[in-house]
Amino acid sequence: LRSFLRPSRAELPAAVLDLASDQDAVNRGLVLRILAARRDARTLELARPALRDSELSVKIAAIRALAEYGGEPALALLKALQNDPGELLR
């Protein structure tokens, strides 16, 4: 999976994207890193639910992915976290 972290114009295999809903939190977080590194618009789509994931590591991966991806939509999602009831996310 880490080989997909390099920016590329090649389409990601569907199997990689499917890992966004994998049982393994490491895989869920890694997919977000891959999408952000590639500046893939699906970063925003997959980060939204990841911010509500039951695993803190996935939430943190989503925050990092949004920060790396950048732009107004990502910034809006990050700003919304300022009101999150979870102290660790704020």
Side-chain angles (χ1 to χ4, degrees):
L1 283 178
R2 294 191 191 280
S3 65
F4 292 110
L5 284 169
R6 291 186 296 277
S8 170
R9 295 195 188 279
E11 184 64 28
L12 283 173
V16 172
L17 295 172
D18 288 344
L19 292 174
S21 59
D22 196 72
Q23 288 185 349
D24 187 338
V26 172
N27 288 338
R28 294 195 306 272
L30 189 53
V31 168
L32 292 167
R33 284 186 55 206
I34 290 169
L35 291 172
R38 293 168 149 251
R39 306 278 306 140
D40 190 307
R42 292 173 289 195
T43 303
L44 298 171
E45 175 188 332
L46 295 177
R48 279 185 189 96
L51 290 171
R52 296 182 306 277
D53 198 280
S54 61
E55 291 287 332
L56 181 60
S57 64
V58 176
K59 292 177 185 179
I60 292 171
I63 291 168
R64 286 182 178 157
L66 289 168
E68 183 176 345
Y69 185 77
E72 287 301 318
L75 184 59
L77 287 171
L78 292 171
K79 282 184 178 180
L81 291 176
Q82 292 176 330
N83 300 320
D84 192 90
E87 183 177 328
L88 293 174
L89 291 184
R90 283 182 278 150

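When all heavy atoms of G29 and A61 are compared, the pair lying nearest together is CA-CB, 3.6 Å. Closest approach of A62 to A47, counting heavy atoms only: CB-O, 4.0 Å. Closest non-hydrogen pair, T43 versus A36, comes out as OG1-N, 3.4 Å.
Here the rule is side-chain contact (heavy atoms from CB on, under 4.5 Å) with L66, and of L78, L81, L75 only L78 fits it.
Note: I60 CD1 to L32 CG = 12.5 Å, rounded to the nearest 0.5 Å. One distance of note links CG of D18 with CG of N27; it measures 11.5 Å at 0.5 Å rounding.
Side-chain contact between R38 and L12 is present, with at least one heavy-atom pair separated by less than 4.5 Å. The side-chain heavy atoms of L17 and L35, taken from C-beta on, include a pair separated by under 4.5 Å. Between L51 and V58 the shortest side-chain heavy-atom distance does not fall below 4.5 Å. By the 4.5 Å heavy-atom criterion applied to side chains, L77 and R48 are counted as neighbours.
A salt bridge links R42 with D40; the closest basic N to acidic carboxylate O contact falls under 4.0 Å.
Using modelled atom types, one side-chain atom of R28 and one backbone atom of D22 make a donor-acceptor pair closer than 3.5 Å.
In this structure V26 satisfies the side chain to side chain contact (heavy atoms under 4.5 Å, CB included) test together with D24, sequence neighbours excluded.
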